[in-house]
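These numbers come from a predicted model, not from an experiment. The basis for the numbers below is simple: all heavy atoms, side chains too, and nothing from hydrogens, waters or symmetry mates.
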Amino acid sequence: MDVKGRLKEALEEAVRALGTEAEVSVQAVPEGKAGDYGSPVAFGLAKKLRQNPVAIAKGLLERLELPPGIARAEAVGPYLNFHLDPGPFVEGLVTAPAARPERGEKAIVEHTSVNPNKEAHVGHLRNIVLGDACARILKAAGYAVEVQNYIDDTGRQAAESIFAVSYFGETYDGSEKYDHWLGKLYVRLGQAKETDAETIERGVSETMHRLERGELRGEIEKVLRAQLTTYYALGAEYDLLVWESDIVRSGFLAQALNVLRGSDDVFEATEGKYAGALVMDVSKFLPGLEEPLVVLVRSDGNAMYVAKDIGTQFWKVGLFEGLKFTTFDTQPSGKTLYTSAPEGDPHPDGLTFAHADEIINVIDARQSHPQTIVRTALALTDTAQGFDSSHHLAYEVVTLEGQAMSGRKGVTLAIDTVVDEAKKRARAVVAEKNSDLPSIDTVARQVGVGALRFAMLKSEARRVIDFRWEQALSLQGDSAPYVQYAHARACSILRAAQNAGVGEAGADWSRMGGLEVKLAQELARLPEVVDIAAREFAPHLVAQYCLDVATAWNGFYNHRDASGKPDTQVLKAEPGLREARVALVRRVRETLAAALALLGIEAPEEM
RNA sequence: GCACCAGUAGCUCAGCCGGAUAGAGCAGUCGCCUUCUAAGCGAUAGGCCGAGGGUUCGAGUCCUUCCUGGUGCACCA
């Protein structure tokens with residue numbers, strides 16, 4: 001356990017010695033106050049024990065057994081403050097294991113889920129990056145993670161695109177990316193509806209039926225594979241593609257409805273405006289609704305979309321089986337991508353899909369209402385299994401230079417375009433700053449894509465993002481390049497150390513001072529940040545942490561003593577101190593790289 | 001109308017379970033490369049944390065009323 005955790009336990013012990021119990025919080029001491037960690041625990045006890053908090057702090061101090069790593073404690077008014085023992089603290093941090101233990105629980109993250117009928121645009125970018133980062137964070141927190149990408153291959157949009165190809169008699173000639181080409185036909189068809197609505201409606205409707213029978217799977221696959229190259233370029237990968245047509249054929253809907261019919265709140269309406277339809281009364285869970293009835297199956301026998309969603313969610317929870325799977329692709333990392341399929345194996349390569357302990361659906365905030373209904377359906381089952389573990393990660397829209405994104409008005413921007421532009425702009429900067437870099441294109445990609453991802457992740461999901469080139473691709477300030485640069489700087493020092501034959505052996509930890517402690521304290525926060533970010537599904541906490549570490553490291557690097565001379569140099573430090581600092585810088589590098597990796601951002605060694 | 005989300009520096013945003021003097025970046029001003037990467041660092045300036053009431057030893061954080069902005073409330077997907 002880390003020093004902070006041990007300190008907390010020691011404090012809890014001291015509180016028990018006073019004959020009571022309390023939640024103990026330990027936090028970093030504000031700038032300018034005595035000590036490194038502090039606790040306001042005496043405040044809470046004051047009321048309970050009917051004593052002055054200052055006196056309680058003193059009492060705790062007398063009963064406190066200091067854990068290793070803490071040099072001394074003092075009472076600052078009602079606060080208890082602790083001074084770290086620099087040597088043991090820094091040494092302990094530098095040698096602490098980086099990985100978190102497995103929890104033995106499984107999490108499903110569903111993200112991307114772009115309609116397979118056109119190229120993905122910046123609105124989708126936020127979904128992909130957010131979901132991908134969440135998956136990485138959950139994995140780091142010890143979950144077994146399954147990333148799903150839902151393919152709505154029976155929807156109207158897919159049908160329109162596919163029908164447009166034959167309607168206009170076009171053939172794909174490979175001169176542009178397939179999804180872009182198809183997207184243009186989709187837009188063209190929308191315009192053609194104004195003059196030829198009837199023919200188009202008939203054609204689209206027929207195409208939808210063929211899609212449901214799975215006859216056009218190959219057509220969907222073509223778009224899907226083109227879209228996947230976009231996601232791969234962003235660094236996102238998946239475990240499983242879940243096709244809606246497979247869901248429909250698998251009988252999930254019927255199974256889900258069977259489960260639900262056992263509830264008193266699901267019934268066939270016999271009167272009112274929903275007569276003849278199968279409805280669900282959600283009023284017990286969503287009080288105050290004007291219309292507490294939700295239609296699951298229309299009176300004409302057709303299921304509503306939300307009913308399919310319910311079926312899929314029941315499957316994720318593990319309420320029933322029925323899908324078959326096969327391999328679909330080998331992703332850039334070498335990881336196999338599986339897909340649901342009409343013919344296949346329920347357990348390909350011995351794997352079991354679904355059956356998750358936590359389910360995170362990354363879907364924009366406008367779909368909060370249907371998502372709540374899906375969750376409510378889980379509450380209506382006998383065991384309510386999956387209700388507490390179903391989470392909607394709701395994110396707000398991305399506007400484009402202040403305008404709402406709209407395919408119809410042409411206010412749209414493809415991810416492919418943005419990624420190209422990001423790489424181009426990053427390349428120009430890299431070339432200017434470091435022209436003799438051998439791997440300039442690789443670095444430009446890492447920096448450009450990193451900047452883009454960071455821009456999508458640095459603030460909370462529920463905040464509206466206005467996409468602006470200038471800000472998204474900013475290579476300074478609160479950005480990925482700032483963090484990447486800090487990482488490259490650490491790498492540079494470690495390279496120089498290696499060339500000089502300086503390693504970590506022979507480190508004299510007694511030489512560690514306040515500057516090292518402050519930096520180490522920041523580095524020590526990583527596991528806690530991962531845990532909170534995983535619990536809250538909040539990648540922005542990790543992004544903020546990246547900035548904090550980079551800032552602490554840059555501050556250390558540039559530090560000067562009272563006379564204005566650098567006093568934190570590594571290689572020019574005396575033997576003993578030098579080796580200890582090499583170890584600390586190595587840990588800085590690892591921490592920055594690990595934190596960036598949680599966001600799916602690469603950390604170049606030079607830039 | 002009802003519900004959900006947001007309102008913190010000129011702009012864009014952090015602020016973990018309520019804790020010590022509310023923090024960054026951008027924009028502004030002034031400094032720092034003969035020293036391991038200046039994509040950096042330091043300093044300075046900038047705040048009725050939307051408004052009122054309440055709970056608390058302590059509120060940007062919790063409760064409540066209101067104001068402003070966004071979104072959602074179909075036998076659509």
Side-chain angles (χ1 to χ4, degrees), chain A residues 23 25 27 29-33 38-41 43-44 46-47 52-53 76-79 81 115 152 154-157 269 273-279 286-291 293 295-300 302 304-306 308 364-370 372 394 396-397 429-430 432-434 447 458-460 462-466 468 470-471 474-479 481-482 484-486 488-497 500 525 528-529 531-533 535-536 538 540-541 543-544 547-548 550-551 554-555 557-560 564-566 568-573 585 606-607:
Chain A
E23 254 307 287
S25 91
Q27 56 210 213
V29 158
E31 198 72 25
K33 293 281 176 188
S39 176
V41 65
F43 281 113
K47 192 173 201 177
N52 182 330
V76 179
Y79 286 95
N81 285 6
N115 270 315
D152 183 4
T154 62
R156 184 170 186 95
Q157 308 211 39
K273 61 174 176 171
Y274 294 145
L278 185 72
V279 296
L286 298 168
L289 279 183
E290 244 172 80
E291 176 52 78
L293 296 183
V295 175
L296 298 177
V297 181
R298 287 181 277 182
S299 49
D300 65 7
N302 285 316
M304 297 285 284
Y305 195 83
V306 71
K308 294 181 196 169
D364 76 88
R366 288 178 299 199
Q367 303 219 38
S368 292
H369 184 63
T372 309
E396 268 299 338
V397 291
V429 179
V430 176
E432 179 202 323
K433 305 272 183 190
N434 201 345
V447 171
K458 75 172 169 184
S459 46
E460 288 180 286
R462 54 170 166 267
R463 213 169 267 283
V464 175
I465 291 183
D466 183 29
R468 289 172 194 273
E470 188 117 340
Q471 279 173 25
S474 167
L475 300 187
Q476 47 176 332
D478 286 348
S479 70
Y482 173 82
Q484 290 170 317
Y485 184 75
R489 175 179 264 167
C491 287
S492 172
I493 292 172
L494 294 171
R495 263 196 312 275
R525 282 178 55 215
E528 190 186 341
V529 169
D531 284 346
I532 297 172
R535 195 178 66 217
E536 314 271 328
H540 82 278
L541 296 175
Q544 294 294 333
L547 295 171
D548 290 342
T551 300
N554 281 331
Y557 173 86
N558 281 298
H559 195 272
R560 276 140 204 270
K565 284 197 186 128
T568 52
Q569 288 181 313
V570 176
L571 296 176
K572 288 178 183 160
V585 172
E606 287 180 86
M607 61 188 280

Does [N] have OP1 or OP2 under 4.0 Å away from a side-chain N or O of [X]?
X	N	value
A:Tyr482	B:C26	no
A:Arg366	B:C5	no
A:Tyr485	B:G40	no
A:Tyr557	B:A38	yes

Using the [atom1] atom on both, measure [N] against [M] and round to a whole Å.
N	M	atom1	result
B:G72	B:G15	P	26 Å
B:G23	B:G28	P	24 Å
B:C62	B:G69	P	23 Å
B:C66	B:C26	C1'	34 Å
B:G50	B:A22	P	15 Å
B:A59	B:G54	P	12 Å
B:A43	B:G60	C1'	27 Å
B:G7	B:U61	P	11 Å

How is [X] classified with respect to the nucleic acid when contacts are heavy atoms under 4.0 Å: base, sugar-phosphate, or nothing?
X	answer
A:Arg560	base
A:Ala46	nothing
A:Val430	base
A:Thr568	base
A:Glu290	base
A:Gly38	base
A:Leu541	sugar-phosphate
A:Ala486	nothing
A:Glu536	nothing
A:Asp364	nothing
A:Ser299	base
A:Lys572	sugar-phosphate
A:Val279	nothing
A:His540	sugar-phosphate

Nearest whole Å is fine: how far is [N] [atom2] from [X] [atom1]?
X	N	atom1	atom2	answer
A:Gln471	B:A24	CD	P	20 Å
A:Lys308	B:C75	NZ	P	17 Å
A:Arg489	B:A39	CZ	C1'	9 Å
A:Arg463	B:U8	CZ	C1'	9 Å
A:Phe43	B:G19	CZ	P	11 Å
A:Glu460	B:A14	CD	C1'	9 Å
A:Asp466	B:C11	CG	C1'	12 Å
A:Ile532	B:C16	CD1	C1'	4 Å

Would you mind telling me which of [options] lies closest to the side-chain atoms of [X]?
X	options	result
A:Asp478	B:G19, B:A39, B:A24	B:A24
A:Gln569	B:U35, B:G19, B:G15	B:U35
A:Glu23	B:C75, B:C17, B:G15	B:C17
A:Tyr79	B:C17, B:A20, B:C16	B:A20
A:Gln27	B:A14, B:U35, B:A20	B:A20
A:Met304	B:A20, B:A14, B:A77	B:A77
A:His369	B:C16, B:C32, B:G72	B:G72
A:Arg298	B:C13, B:A6, B:C76	B:C76
A:Ile493	B:C5, B:A14, B:C36	B:C36

- Candidates A:Glu536, A:Glu396, A:His540 - the one meeting side-chain contact (heavy atoms from CB on, under 4.5 Å) with A:Glu460: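 Only one of A:Glu536, A:Glu396, A:His540 forms a side-chain contact (heavy atoms from CB on, under 4.5 Å) with A:Glu460, namely A:His540.
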
- Item | Distance, nearest 0.5 Å, that separates CG of A:Leu278 from CZ of A:Arg298 |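 Reported value, rounded in 0.5 Å steps: 13.0 Å.
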
- Task: Supply the atom-to-atom distance A:Ser479 OG to A:Gln471 CD, rounded to the nearest 0.5 angstrom.
- Result: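 Atom-to-atom, A:Ser479:OG and A:Gln471:CD are 11.5 Å apart.
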
- Given pairs defined as Watson-Crick or G-U wobble with both distances under 3.5 Å, what dot-bracket annotation applies to RNA chain B, with ( ) intrastrand, [ ] crossing, | other strand and . unpaired? (((((((..((((.....[...)))).(((((.......))))).....(((((..]....))))))))))))....

- Query: Does a salt bridge link A:Lys273 with A:Glu291, judged by any charged N lying under 4.0 Å from a carboxylate O?
  - Reply: yes

- Kindly check if the number of other-residue, nucleotide or ligand heavy atoms within 6.0 Å of CZ (A:Arg495) is above 12?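 Correct, the count exceeds 12.
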
